[in-house]
Amino acid sequence: ATGAVYDANQKTLTLESNVRMEAADGSIATARRAVLSNNPRQAKLTAVQLARSSDKMHADSVVLFLRNDNSIDHVLATGDVRSESNQGGRVEVKAPQAEVFMGQKDALRSVVLSGGVNFEQGGDSPMHGTAGKAVVDFGPANTISRATFSQGLKLVQTGNATASRQPQETELDAEGAKLSFNRSRLEHGETTGAAQVVSRSPGSPGETVASAARFDAVFDPAAHRLKSLHGAPDAKIVSRAPNQQERVSTSRDLNVAFNRDGTMAAVTQSGDVQYVDAERRASAQQARYDPNSGDLTLTGSPRFSDLGLS
């Protein structure tokens, strides 16, 4: 640091500028200014930059709360909190506030992000999303074990365009979600509260909306993409297109399968399937919907009626 002032009455040490700290694990933290106090045992830093391996973090203000042995108990970061990781693909997280809780030997226990969370993940099927609050728990070797999102969740995954198909966007909207990881690799998730999945092509006015009281999601941990969704109960699919009546089908549950590029491949429904398309009505035990062609195939005692026929 450049310049230091010790206040014997307040028992504080102020590092005036160009603060630089290095940890045993190779982490380097820099700050514009730092104030260290003995009672309470804490360090207040401003304009903080942290670099560790392929990870980076920034915050306008950081407070380190210390134990009696000077190890870190927890950290409060506020103001333009940003974190970027490039381990296995770029992941960027932003929030107005972050609280980091530490275990013994500098092990991460959990991180709480609040005030409106934004996150983005690169790769072949990039994802981005928002949530009001996120709680991330860590396991061995500081790897992510689970994450809980609340106060509204939106997750958007974009598939790649092909010669015969426009890029498809899949959006998950829910009150919240709980995600399970295996050493930071996302494997499974479940929504909390009513949720819906919207499939659309950017620039196209049509869309397909699948909803249910709850969704269970399976992810491909190697490809960082959504693999399948199971929704139940009160499953519903609504297909919308310009200048056309909505096509609606309801059932006990539904399953959504995704292609390797993240686009929606098919939606299957089972259990008292009811279909309405203007004056056309149909029912069956199972149904399969193709988002690309718009075709709906009914099986298991299918019945059909057209009220418009004379």
Side-chain angles (χ1 to χ4, degrees), residues 23-27 50-57 59 62 64-65 67 71-77 81-95 97-123 125-157 172 174-193 195 214-230 258:
D25 62 0
S27 301
L50 174 65
R52 178 182 179 184
S53 184
S54 59
D55 300 336
K56 298 178 181 179
M57 191 274 283
V62 172
L64 307 177
F65 296 87
R67 303 186 182 99
S71 63
I72 298 175
D73 181 75
H74 64 285
V75 180
L76 175 62
V81 180
R82 290 178 276 122
S83 175
E84 182 178 334
S85 175
N86 289 285
Q87 296 183 15
R90 185 183 65 84
V91 178
E92 185 175 2
V93 180
K94 300 177 182 180
Q97 178 173 296
E99 293 179 272
V100 182
F101 297 90
M102 307 295 294
Q104 299 299 316
K105 298 181 179 179
D106 295 328
L108 282 170
R109 289 198 296 117
S110 63
V111 174
V112 180
L113 303 165
S114 57
V117 184
N118 290 267
F119 49 91
E120 183 177 342
Q121 175 180 291
S125 299
M127 289 192 292
H128 66 273
T130 60
K133 181 179 180 180
V135 179
V136 183
D137 296 315
F138 294 83
N142 291 337
T143 57
I144 299 174
S145 60
R146 60 180 174 268
T148 303
F149 296 92
S150 59
Q151 302 174 10
L153 170 66
K154 176 179 287 188
L155 178 64
V156 181
Q157 179 173 271
L172 170 65
E175 294 179 15
K178 298 177 181 179
L179 307 180
S180 299
F181 296 77
N182 181 5
R183 300 186 69 84
S184 296
R185 291 184 177 271
L186 181 56
E187 291 188 331
H188 177 263
E190 62 182 56
T191 62
T192 54
R214 167 180 152 171
F215 279 103
D216 288 287
V218 176
F219 292 84
D220 183 342
H224 304 286
R225 68 174 182 87
L226 187 59
K227 190 175 181 181
S228 64
L229 282 171
H230 173 75
F258 294 88

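For reference, positions follow the sequence shown, starting with 1.
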Non-hydrogen side-chain atoms of [X] and [Y] separated by less than 4.5 Å:
X	Y	result
M102	L108	yes
T192	S150	no
Q97	L76	yes

Apply the side-chain contact (heavy atoms from CB on, under 4.5 Å) test between V93 and each candidate in V111, L113, V81, N118; give the one that qualifies.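 When side-chain contact (heavy atoms from CB on, under 4.5 Å) is applied between V93 and each of V111, L113, V81, N118, only L113 qualifies.
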Just by distance, do the side chain of [X] and the backbone of [Y] share a donor-acceptor pair under 3.5 Å?
X	Y	result
D73	F65	no
S184	T143	no
Q157	L226	yes

Under the criterion side-chain contact (heavy atoms from CB on, under 4.5 Å), I'd like the reasoning laid out for L186 against L179: C-alpha separation, chi angles, the key distance, then a yes or no. CA-CA 7 Å; L186 181 56; L179 307 180; 3.7 Å; yes
Anything under 30° is parallel, anything over 60° is perpendicular, the rest tilted; go ahead and classify F119 against F149.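 Geometry flag for F149 against F119: tilted rings.
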Heavy-atom pair of closest approach, residues [X] and [Y]:
X	Y	answer
S27	L50	CB-CD1, 4.2 Å
T191	A195	OG1-CB, 3.8 Å
S110	D137	CB-OD1, 3.4 Å
A141	R183	CB-NH2, 3.9 Å

What is the distance from atom [atom1] of [X] to atom [atom2] of [Y], rounded to the nearest 0.5 Å?
X	Y	atom1	atom2	result
S71	L64	OG	CG	11.5 Å
E84	M57	CD	CE	13.0 Å
Q151	E175	CD	CD	11.5 Å

Taking R214 first and then E190, would you say they form a salt bridge - that is, a charged N and a carboxylate O separated by under 4.0 Å?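 Yes, charged N to carboxylate O under 4.0 Å.
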Quick one: ring-ring contact (aromatic ring centres under 6.0 Å, His included) partners of F181, sequence neighbours excluded?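 None.
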How far apart are the C-alpha atoms of F101 and V112, what are their side-chain angles, what is the distance that settles it, and do they pass the side-chain contact (heavy atoms from CB on, under 4.5 Å) test? CA-CA 8 Å; F101 297 90; V112 180; 4.0 Å; yes
Apply side-chain contact (heavy atoms from CB on, under 4.5 Å) to H188 and R146, showing your working. CA-CA 10 Å; H188 177 263; R146 60 180 174 268; over 6 Å; no
Test log, rule side-chain contact (heavy atoms from CB on, under 4.5 Å), inputs K227 and F219: CA-CA 5 Å; K227 190 175 181 181; F219 292 84; 5.7 Å; no
Per-pair distances, 0.1 Å, donor-acceptor, side chain in residues 126-133, under 3.5 Å, sequence neighbours excluded:
none

